[in-house]
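Each remark here refers to the structure printed beneath this line.
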Amino acid sequence: MSDVLTSLLNAQLDVGLGKPILWREVIGNLFGLASAFGGARRRIWAWPAGIVGNVILFTVFLGGVFHTPQDLNLWGQAGRQIFFLATSAYGWVVWAATRRNNGASQVAVHPRWATRRERILALMAALIMLVVFFFVLEALGSWGPLSDSWILTGSILATWGMARGWNEFWFVWIAVDIVGVPLLATAQYYPSALMYVFYGAFCVYGFVTWWRAQRAATNDAFR
């Protein structure tokens, strides 16, 4: 049984790009894509789908620890999977409560713009996290600590914003994707880099969906 499990975990795909890629990197990102789609549609199952992807990708980005083909440790990428687990649990609880209050509706969150105070606090938190994470990741020997800290900081803010229902979190994800694509491509995490490209385009769809939902709710409130 253990041999079968080990074979599944280490299954690789050779795409002719110099190094093979792990199937679990592909699968983990597919769960992440499903979570993004569920988030855009404001469905509660987005959170458990994301959690599964987080667990899988945690092992992928610690390539030096788990001896993946890339053999590189992206501690920021791995660390954000741990944070995602905690935030996803929080988001799951919040969205579930909202859906219960909505009665028959399956909508689990009401989109809104963050308040001025929330934006200021988020910006201050981002600056602090960016500096702290840079030094921590550099000390851990993370590959590309500055880019990695940017991605970790942005991911934390975006996930928190999604849980709170802020429209701005889609823009934060785009900022993460802009840095994440070159970092992951250079580190030869090709499925993740490709998925980041897709995420960037998907964020536009997600933002428009949430923005329209907010406008519709606002119009209904004034009728």
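Heads up: numbering here begins at 1 and tracks the sequence. Excluded from the calculations below are hydrogen atoms, water molecules and symmetry mates; all remaining heavy atoms, backbone and side chain alike, are included.
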same_hphob_cluster(W45, I27) at 4.5 Å side-chain heavy-atom cutoff: no
For R42 against A213, the heavy-atom pair lying closest together: NH2-CB, 3.5 Å
S35 side chain to W47 backbone, donor-acceptor under 3.5 Å: no
W113 CH2: over 12 foreign heavy atoms closer than 6.0 Å: yes
Value rounded to 0.5 Å, distance of CZ in R43 from CZ in R99: 9.0 Å
Verify same cluster id: V52, L33 (apolar side-chain graph, 4.5 Å): no
Test side-chain contact (heavy atoms from CB on, under 4.5 Å) applied to E118 and R112, step by step: CA-CA 12 Å; E118 288 171 334; R112 65 179 178 88; 3.0 Å; yes
hydrophobic_cluster_shared for V179 and L152, side chain cutoff 4.5 Å: yes
Y90 and W160 aromatic centres sub-6.0 Å: yes
Aromatic ring pairing F37/Y205, orientation class (parallel under 30°, perpendicular over 60°, tilted between): parallel
Steps toward side-chain contact (heavy atoms from CB on, under 4.5 Å) verdict (F169, R164): CA-CA 9 Å; F169 93 89; R164 301 296 298 172; over 6 Å; no
Transitive ILVMFWY side-chain link W170 to V197, under 4.5 Å: yes
Aromatic ring pairing Y196/Y199, orientation class (parallel under 30°, perpendicular over 60°, tilted between): tilted
Side chain S149, main chain L146, donor-acceptor under 3.5 Å: yes
ILVMFWY network linking L183 to W173, side-chain heavy atoms under 4.5 angstrom: yes
Check: W211 side chain, P111 main-chain N or O, donor-acceptor pair, under 3.5 Å: no
Test item: V94 and V109 side chains (from C-beta on) under 4.5 Å apart, heavy atoms: no
More than 12 heavy atoms from other groups under 6.0 Å of CH2 on W150: no
From CH2 (W95) to OG (S88), nearest 0.5 Å: 10.0 Å
Working for side-chain contact (heavy atoms from CB on, under 4.5 Å), residues I44 and W92: CA-CA 6 Å; I44 195 170; W92 196 346; 3.6 Å; yes
Could you list the donor-acceptor pairs under 3.5 angstrom formed by side chains in residues 122-141, with sequence neighbours left out?
none

E25 CD to L184 CG distance, which is reported to the nearest 0.5 Å: 8.0 Å
Minimum heavy-atom distance C203-D177, with the two atoms named: SG-OD2, 4.1 Å
Gap separating the CZ atom of R116 from the CG atom of L121, nearest 0.5 angstrom: 12.0 Å
Distance, nearest 0.5 Å, that separates OG1 of T59 from CG of N54: 11.5 Å
Hydrophobic cluster partners of V93 (side-chain heavy atoms under 4.5 Å): none
ILVMFWY clustering at 4.5 Å (side-chain atoms), partners of L194: none
Shortest non-hydrogen separation from I56 to R24 and the atoms involved: CG2-O, 3.0 Å
Short side-chain to backbone donor-acceptor contact, T159 and I156, under 3.5 Å: no
Verdict with supporting geometry, F31 and L57, side-chain contact (heavy atoms from CB on, under 4.5 Å): CA-CA 10 Å; F31 272 101; L57 290 175; over 6 Å; no
Spatial distance of atom CG (N167) from atom CE (M162) [nearest 0.5 Å]: 12.5 Å
Whether over 12 other heavy atoms sit under 6.0 Å from R212 CZ: no
